[in-house]
K.L.:
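The structure under discussion is supplied below as structure tokens; questions concerning it will follow.
For this chain, numbers begin at 1 and follow the sequence in order.
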Amino acid sequence: MADRFFANDMPDFVDETEITVSDSTLHKLLSIPYQKTAERLLRAALELSDSVVKETGIRYESHAKDPTLYTGALGTAFLLFKKYQVTKNHSDLNLCRDVLKACDSASRRSRYVTFICGRAGVCALGALVAKQLGDGKLLDYYLRSFKEITLPAGVPNELLYGRAGYLWACSFLNKHIGEGTIPSTFTDSVVKEVIREGRQLSNNGSCPLMYEWHGKKYWGAAHGLAGIMHVLMDMELNPEEREYVKGTLFYMIKNRFPSGNYPSSENSDTDRLVHWCHGAPGIALTLVKAAQVFGDEQFLRAAVDAAEVVWNRGLLRRVGICHGISGNAYVFLSLYRLTGKAEYLYRAKAFACFLLDGAYQLVAKGEMHGGDHPFSLFEGKGGMAYLFLDMTSPNESRFPAYEL
């Protein structure tokens, strides 16, 4: 199992004093005051962002070959918008608009309807960028296009390709464009279908809701229970439906591994994945949200337990958001926003500094994987750049396309 991650020899917590006795460049980074570390991370983020835009070549294309947020041009646009939020450089916003135009053309033929992998993400982000530009005509176009999206027959319920991913895009628009932008007439029937299918597959079992994707009953954020529950918590649910969500999360907590990690799927006894997509990191983010939504200390305690797993086994041999160190750092940022405890900000900083200090060298030596799509948001350097930008304002940080 240890070959999946680097041993974490960083101190559990250190006071920032700018004084260190260690020769380790990483440990020296950990002792630097946060603001100075954030400045270094920002410089690295800007360089990384420029390389992502250059290597994806999107500046010179009118049609995106891959219009998804996960591995394609929409991820570049999402990164550019984040960069604009941090730097207020309008050239980033204008370039983001141009990338979205290329994604818009390509995504019309997509059979997927979600934020991360389908047309909903293009239209939702496009609307937000149009609003920032003050372009009412473009805003109307993207909102109209979003409302023309129809969910195909047989669509699954999970986040990447299914109903939950569509619902998340609706919540994104309502948050950033205005409450009621996507009215409940668009979402209520989808939510009811998600609940109905979850109840049907649970077959009145000990878990109130259960779902399948490709024949497996997944638990994680990308394809399973954690991601679906995460999205349902933003929906208008009746008291019975809220209890279904709470009961499902309690079921997961009760049936986690002794280590504190979570199975990737129902009845799996393999305790090895510590990713956002499968395992403790994605589930921790959902538990943090549950603690906020339901006000139940059990959810917070379970999130803290999951965060310990991430601290001990989360320095993965990959750089990305989905199944890499960049994504795992968001567990600590999320807990920091909820609790205000300095130890969680320190741990997020530690993971980011691990990447800043050694990612390039480790990838070059073959000890770390740069991603099958090495400049993408979810697999590669795009995600690392996004994390570094988020580290400059940790109270505003959000896991891309998961935390609202």
K.L.:
Using a distance-only test with no angle check, is there a side-chain donor-acceptor pair under 3.5 angstrom linking Asp12 and Trp311?
P.N.:
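Per modelled atom types, Asp12 and Trp311 side chains form a pair under 3.5 Å.
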
K.L.:
Give the intermediate values and the outcome of side-chain contact (heavy atoms from CB on, under 4.5 Å) for residues Arg119 and Arg108.
P.N.:
CA-CA 7 Å; Arg119 181 151 174 77; Arg108 291 173 196 166; 3.7 Å; yes

K.L.:
What's the spacing between Arg199 CZ and Glu241 CD if we round to 0.5 Å?
P.N.:
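CD of Glu241 is found 10.5 Å from CZ of Arg199.
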
K.L.:
Any side-chain heavy atom of Ile321 sitting closer than 4.5 Å to one from Pro400?
P.N.:
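The answer is yes; the side chains approach within 4.5 Å.
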
K.L.:
With the side chain counted from C-beta on, respond yes when Gln35 and Glu39 share a heavy-atom pair under 4.5 Å apart, and no when they do not.
P.N.:
yes

K.L.:
Within the supplied structure, the quantity of interest is the number of heavy atoms (other residues, nucleotides, ligands) at a distance under 6.0 Å from Lys254 NZ; does it exceed 12?
P.N.:
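For Lys254, atom NZ is not crowded (no more than 12 foreign heavy atoms under 6.0 Å).
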
K.L.:
If you measure from OG on Ser265 to NZ on Lys217, what distance do you get to the nearest 0.5 Å?
P.N.:
10.5 Å

K.L.:
Under 3.5 Å, side chain of Asn328 to main-chain N/O of Gly314, donor-acceptor pair present?
P.N.:
yes

K.L.:
Quick check with a 6.0 Å cut-off and a 45 degree axis cone: is Lys246 positioned over the face of Tyr244's six-membered ring?
P.N.:
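The answer is no, since Lys246 fails at least one limit relative to Tyr244.
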
K.L.:
Report yes if some heavy atom in the side chain of Leu209 is under 4.5 Å from a heavy atom in the side chain of Ser202; otherwise report no.
P.N.:
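Not in contact.
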
K.L.:
Should Lys365 and Glu367 be marked as a salt bridge (Lys or Arg N to Asp or Glu O under 4.0 Å) after you check the CA-CA gap, both sets of side-chain angles, and the distance that decides it?
P.N.:
CA-CA 5 Å; Lys365 292 190 293 185; Glu367 296 179 22; 3.8 Å; yes

K.L.:
Arg163 and side-chain contact (heavy atoms from CB on, under 4.5 Å): which single residue from Thr187, Val113, Val191, Val155 fits?
P.N.:
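Answer after filtering Thr187, Val113, Val191, Val155: Val155.
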
K.L.:
Applying the side-chain contact (heavy atoms from CB on, under 4.5 Å) criterion to Phe299, which one of Val288, Val304, Val293, Leu287 satisfies it?
P.N.:
Leu287

K.L.:
Kindly indicate whether the side chain of Thr339, heavy atoms from C-beta on, has any atom under 4.5 Å from the side chain of Leu300.
P.N.:
yes

K.L.:
State, yes or no, whether a side-chain contact exists between Lys82 and Phe78 at a heavy-atom distance under 4.5 Å.
P.N.:
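No, side chains not in contact.
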
K.L.:
Indicate yes or no: does Asp305 engage Arg256 in a salt bridge with an N to O separation below 4.0 Å.
P.N.:
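Between Arg256 and Asp305 there is a salt bridge, with a charged N closer than 4.0 Å to a carboxylate O.
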
K.L.:
Working note: Lys289 + Asp234, criterion salt bridge (Lys or Arg N to Asp or Glu O under 4.0 Å); need CA distance, chi angles, decisive distance, verdict.
P.N.:
CA-CA 10 Å; Lys289 184 167 187 173; Asp234 282 318; 2.4 Å; yes

K.L.:
Given Phe332 and Phe351, is the ring-ring contact (aromatic ring centres under 6.0 Å, His included) satisfied, shown in steps?
P.N.:
CA-CA 9 Å; Phe332 308 120; Phe351 272 39; 5.2 Å; yes

K.L.:
For the backbone of Leu100 and the side chain of Asp104, can you confirm whether one donor and one acceptor N or O come within less than 3.5 Å of each other?
P.N.:
no

K.L.:
Using the side-chain contact (heavy atoms from CB on, under 4.5 Å) rule, take Cys353 and Leu26 through it: C-alpha gap first, then chi angles, then the decisive distance, then the call.
P.N.:
CA-CA 7 Å; Cys353 286; Leu26 173 57; 3.8 Å; yes

K.L.:
Got a sec: does the NZ of Lys147 have more than 12 other heavy atoms crowding it under 6.0 Å?
P.N.:
yes

K.L.:
Which value, rounded to the nearest 0.5 Å, describes the distance between Ile177 atom CD1 and Leu139 atom CG?
P.N.:
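These two atoms lie 5.5 Å from each other.
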
K.L.:
Just wondering, do Val319 and His369 contact through their side chains at under 4.5 Å, heavy atoms?
P.N.:
no

K.L.:
Pairing donors with acceptors under 3.5 angstrom, does anything connect the side chains of Asp390 and Tyr330?
P.N.:
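There is such a pair (donor and acceptor under 3.5 Å, judged by atom type) between the side chains of Asp390 and Tyr330.
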
K.L.:
Do the side chains of Glu379 and Pro374 get nearer than 4.5 Å, heavy atoms only?
P.N.:
no

K.L.:
Between Thr87 (side chain) and Asn89 (backbone), is there a donor-acceptor pair under 3.5 Å?
P.N.:
yes

K.L.:
Are Tyr336 and Tyr344 near enough that their ring centres are under 6.0 Å apart?
P.N.:
no

K.L.:
For the pair His278 and Tyr218, name the ring-plane relationship: parallel under 30°, tilted 30 to 60°, perpendicular over 60°.
P.N.:
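Tilted.
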
K.L.:
I want to check a possible cation-pi pair here: Arg242 against Phe294, using under 6.0 Å from ring centre and within 45° of the ring axis as the test.
P.N.:
no

K.L.:
Give the C-alpha distance, both sets of side-chain angles, the deciding distance and a yes or no for salt bridge (Lys or Arg N to Asp or Glu O under 4.0 Å) between Arg337 and Glu403.
P.N.:
CA-CA 12 Å; Arg337 292 198 316 271; Glu403 295 183 297; 3.0 Å; yes

K.L.:
Is a side-chain donor or acceptor of Ser31 paired with a backbone partner of Lys28 at a separation under 3.5 angstrom?
P.N.:
yes

K.L.:
Measuring from Leu95:CG to Lys83:NZ, what's the distance to the nearest 0.5 Å?
P.N.:
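The CG atom of Leu95 sits 8.5 Å away from the NZ atom of Lys83.
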
K.L.:
Would you call Lys192 and Asp188 a salt bridge, using N to O less than 4.0 angstrom?
P.N.:
no

K.L.:
Using modelled atom types and a 3.5 Å cut-off, is there a donor and acceptor pairing between side-chain atoms of Asp66 and backbone atoms of Thr68?
P.N.:
yes

K.L.:
Could you walk me through whether His275 and Arg4 pass the side-chain contact (heavy atoms from CB on, under 4.5 Å) check?
P.N.:
CA-CA 11 Å; His275 305 167; Arg4 302 186 65 84; 3.4 Å; yes

K.L.:
I'd like to know if the side chain of Thr76 and the backbone of Val53 have a donor-acceptor N/O pair within less than 3.5 Å.
P.N.:
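Here the side-chain-to-backbone pair does not exist.
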
K.L.:
Check whether any side-chain heavy atom of Asp135 sits under 4.5 Å from a side-chain heavy atom of Arg97, and report yes or no.
P.N.:
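With C-beta onward as the side chain, the pair stays apart.
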
K.L.:
Could you report the tightest heavy-atom contact between Pro33 and Lys349, atom names first, then the distance?
P.N.:
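Closest approach of Pro33 to Lys349, heavy atoms only: C-NZ, 4.4 Å.
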
K.L.:
For the pair Gln361 (side chain) and Asp357 (backbone), establish whether a donor and an acceptor sit closer than 3.5 Å, ignoring hydrogens and angles.
P.N.:
yes

K.L.:
Would Phe146 and Tyr166 count as a close aromatic pair, with their ring centres under 6.0 Å?
P.N.:
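Phe146 vs Tyr166: aromatic centres under 6.0 Å.
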
K.L.:
Should the ring pair Trp276 and Phe399 be called parallel, tilted or perpendicular, given that the plane angle runs from 0 to 90° and is split at 30 and 60?
P.N.:
parallel

K.L.:
To the nearest 0.5 angstrom, please state how far the CG atom of Leu273 sits from the CZ atom of Arg313.
P.N.:
9.0 Å

K.L.:
Determine all donor-acceptor pairs shorter than 3.5 Å in which one atom belongs to a side chain in residues 221-231; sequence neighbours excluded.
P.N.:
from	atom 1	to	atom 2	distance (Å)
His223	ND1	Glu158	OE1	2.6
His230	ND1	Thr286	OG1	3.1
His230	NE2	Tyr402	O	3.1

K.L.:
Okay, side chain of Lys175, backbone of Leu404: is any donor-acceptor separation there less than 3.5 Å?
P.N.:
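Yes, because the side chain of Lys175 sits within donor-acceptor range (under 3.5 Å) of the backbone of Leu404.
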
K.L.:
Going from CZ on Phe186 to CD1 on Ile149, what distance comes out if it is rounded to the nearest 0.5 angstrom?
P.N.:
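Reported value, rounded in 0.5 Å steps: 10.0 Å.
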
K.L.:
Verify, without hydrogens or angle tests, whether Asp92 (side chain) and Leu80 (backbone) share a donor-acceptor contact under 3.5 angstrom.
P.N.:
no

K.L.:
With ring centroids as reference points, do Phe172 and Phe115 lie under 6.0 angstrom apart?
P.N.:
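Yes, ring centres under 6.0 Å apart.
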
K.L.:
Do Glu193 and Arg196 sit within salt-bridge range, that is, some charged N less than 4.0 Å from a carboxylate O?
P.N.:
yes

K.L.:
Kindly determine whether Cys322 and Tyr70 satisfy side-chain contact (heavy atoms from CB on, under 4.5 Å), including the steps that lead there.
P.N.:
CA-CA 9 Å; Cys322 183; Tyr70 193 91; 3.1 Å; yes

K.L.:
How are the rings of Phe6 and Phe354 set relative to one another: parallel (under 30°), tilted (30 to 60°) or perpendicular (over 60°)?
P.N.:
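Ring orientation of Phe6 relative to Phe354: tilted.
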
K.L.:
Are Ser259 and Asn261 linked by a side-chain donor-acceptor pair shorter than 3.5 Å?
P.N.:
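Per modelled atom types, Ser259 and Asn261 side chains form no pair under 3.5 Å.
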
K.L.:
Could you tell me whether the side chain of Ser397 and the main chain of Pro394 form a donor-acceptor pair under 3.5 Å?
P.N.:
yes

K.L.:
Has Lys216 got more than 12 heavy atoms of other residues, nucleotides or ligands less than 6.0 Å from its NZ?
P.N.:
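Counting neighbours around NZ of Lys216, 12 or fewer heavy atoms of other residues, nucleotides or ligands fall under 6.0 Å, so no.
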
